[in-house]
Chemist: 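Quick one: the structure is below, and I'll ask about it shortly.
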Amino acid sequence: MLRLYLTGRMAIETDAGVVGEHALPGRQGRLALAYLAIDAQRPVTRDALAQALWDQTLPPAWDSALKALLSRLRTVLVRAGFDAGRAITSVSGCYQLHLPHDAWIDAEACARAIDAAEAALRHGEPTRAWSEATVAAAIARRPVLAGEDLPWVDDLRTSLGAARVRALECLTEVWLASGNPALAISLATESIALDPFREPPYRLLMRAHFLAGDRAQALRTYDRYAHLLATELDAPPHPETTALRDHLAGP
């Protein structure tokens, strides 16, 4: 068993125990492990890895610094249970992290879970959808490499942020289907706060208010979104959203 946590406090968990981020070789060691783990299925060029660690401010003799850093990181990985000869390989100017075939990485698990949750909803399996979406939301809400301001870290945060919104939408759908408008309202409101221009959460919130018996608030939700789009994007809501407004408004 190997579990790699890139969100929250980085850690490597194996049958032998847990190696926390404090054991990694400093800030660059943490970044190197995360970057190599994200690209664990393919080699990463030396230049790309250096860019991921230092961005535009490569240190003098950065090639030697990179080799020394990866040597220290290998030592930590071997202590965690990795194969000494294959923890991080170096071939033709490229580096690659080798994980067991059944390794679990939280960021990958989040992506799989939200896809599974949405598929479960399409197939009318609310219990499974709730379970998978709960896993995705729990992972996606954790901080990612706190304090780091690098393009690839921002990309990872954006990906997890999008997964979190999708997970909240799935959970909202589950609570609507089970007749719990209060929880649906809470989750749809959280979705909107995370991504104010994304349209599906507004439709979910409209449905939730209507289910709660508050038609007026459902219609105000539509008006609020329409005003936002008109003001910021000079665009109308999607016809599906307008059709839902018309349906909820009644004859």
Side-chain angles (χ1 to χ4, degrees), residues 7-8 106-144 146 154-251:
T7 62
D106 58 356
E108 291 182 355
C110 178
R112 289 194 301 270
I114 187 54
D115 286 343
E118 291 173 341
L121 277 179
R122 289 193 298 270
H123 290 91
E125 303 173 16
T127 300
R128 180 167 173 254
W130 177 87
S131 177
E132 297 285 2
T134 298
V135 169
I139 295 172
R141 68 164 48 97
R142 298 173 188 156
V144 180
D154 289 339
D155 288 344
L156 181 56
R157 288 175 184 143
T158 298
S159 175
L160 287 168
R164 182 180 176 186
V165 170
R166 289 166 61 195
L168 290 171
E169 290 174 11
C170 286
L171 292 170
T172 304
E173 289 277 14
V174 170
W175 292 123
L176 282 171
S178 65
N180 193 325
L183 280 174
I185 288 169
S186 175
L187 292 169
T189 300
E190 185 178 351
S191 298
I192 291 169
L194 292 170
D195 190 349
F197 290 94
R198 184 172 170 84
E199 197 147 351
Y202 287 93
R203 291 196 291 268
L204 292 170
L205 185 57
M206 290 165 65
R207 289 167 53 199
H209 281 305
F210 187 79
L211 183 62
D214 195 341
R215 184 199 304 262
Q217 188 59 37
L219 298 179
R220 279 195 292 269
T221 298
Y222 174 88
D223 291 341
R224 175 161 60 99
Y225 183 58
H227 177 74
L228 174 69
L229 289 183
T231 302
E232 299 295 334
L233 302 178
D234 192 24
H238 190 277
E240 183 180 350
T241 307
T242 302
L244 176 61
R245 187 275 313 269
D246 295 342
H247 173 71
L248 297 182

Chemist: Give, for atom CG of L204 and atom CG of L171, the distance between the pair rounded to the nearest 0.5 Å.
Modeler: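 Those atoms lie 11.0 Å apart.
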Chemist: For the side chain to side chain contact (heavy atoms under 4.5 Å, CB included) test, which of L160, I139, V135 pairs with D106?
Modeler: I139
Chemist: Does the pair T172 and E190 meet the rule for a side chain to side chain contact (heavy atoms under 4.5 Å, CB included), with working shown?
Modeler: CA-CA 10 Å; T172 304; E190 185 178 351; over 6 Å; no
Chemist: Side chain of R245, backbone of L219: donor and acceptor closer than 3.5 Å?
Modeler: no
Chemist: Please evaluate residues R157 and D154 with respect to the criterion salt bridge (charged side-chain N to carboxylate O under 4.0 Å, His left out), reporting the C-alpha separation (whole Å), side-chain torsions for both, the decisive distance (0.1 Å), and the verdict.
Modeler: CA-CA 5 Å; R157 288 175 184 143; D154 289 339; 3.2 Å; yes
Chemist: Judged by atom type as modelled, is there a donor-acceptor pair below 3.5 Å linking the side chain of S159 to the main-chain atoms of D155?
Modeler: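 Absent.
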Chemist: I need the I192 CD1 to L168 CG distance, nearest 0.5 Å.
Modeler: 11.0 Å
Chemist: When rounded to the nearest 0.5 angstrom, what distance separates SG in C170 from CG in L187?
Modeler: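 CG of L187 is found 11.0 Å from SG of C170.
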Chemist: How close do Y225 and P196 get, heavy atom to heavy atom, and via which atoms?
Modeler: CE1-O, 4.0 Å
Chemist: Can you name the closest pair of heavy atoms from A208 and I185 and give their distance?
Modeler: CB-CG1, 3.5 Å
Chemist: Between H238 and E240 (side chain of the first, backbone of the second, donor and acceptor by atom type, cut-off under 3.5 Å), is there such a pair?
Modeler: yes
Chemist: Would you call R203 and E169 a salt bridge, taking side-chain N to carboxylate O under 4.0 Å as the test?
Modeler: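 Not counted as a salt bridge, because no side-chain N and carboxylate O are separated by less than 4.0 Å.
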Chemist: Run L156 and T7 through side chain to side chain contact (heavy atoms under 4.5 Å, CB included) and show every step you take.
Modeler: CA-CA 10 Å; L156 181 56; T7 62; over 6 Å; no
Chemist: Could you give the distance from NE2 (H209) to CG (L205), rounded to the nearest 0.5 Å?
Modeler: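 One finds 4.0 Å between NE2 of H209 and CG of L205.
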Chemist: Could you tell me whether R220 and D223 have a side-chain N and a carboxylate O separated by less than 4.0 Å?
Modeler: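 Looking at R220 and D223, the cut-off is not met.
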Chemist: So which atom in P237 and which in Y222 form the shortest heavy-atom distance, rounded to 0.1 Å?
Modeler: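 Minimum heavy-atom contact is CG-OH, 3.6 Å.
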Chemist: Is a side-chain donor or acceptor of R215 paired with a backbone partner of L248 at a separation under 3.5 angstrom?
Modeler: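 At least one qualifying donor-acceptor pair exists.
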Chemist: When you look at E173 and E118, which way does the side chain to side chain contact (heavy atoms under 4.5 Å, CB included) test go after all the steps?
Modeler: CA-CA 10 Å; E173 289 277 14; E118 291 173 341; over 6 Å; no
Chemist: How long is the gap from CG on L229 to CD on E199, to the nearest 0.5 Å?
Modeler: 6.0 Å
Chemist: Could you grab the distance from atom CG of L211 to atom CG of N180, nearest 0.5 Å is fine?
Modeler: 8.5 Å
Chemist: Verify, without hydrogens or angle tests, whether Y202 (side chain) and F197 (backbone) share a donor-acceptor contact under 3.5 angstrom.
Modeler: no
Chemist: Looking only at heavy atoms, what is the nearest atom pair of C110 and A136, with distance?
Modeler: SG-O, 3.5 Å
Chemist: Pair R166, R198 - check side chain to side chain contact (heavy atoms under 4.5 Å, CB included), show working.
Modeler: CA-CA 10 Å; R166 289 166 61 195; R198 184 172 170 84; 3.9 Å; yes
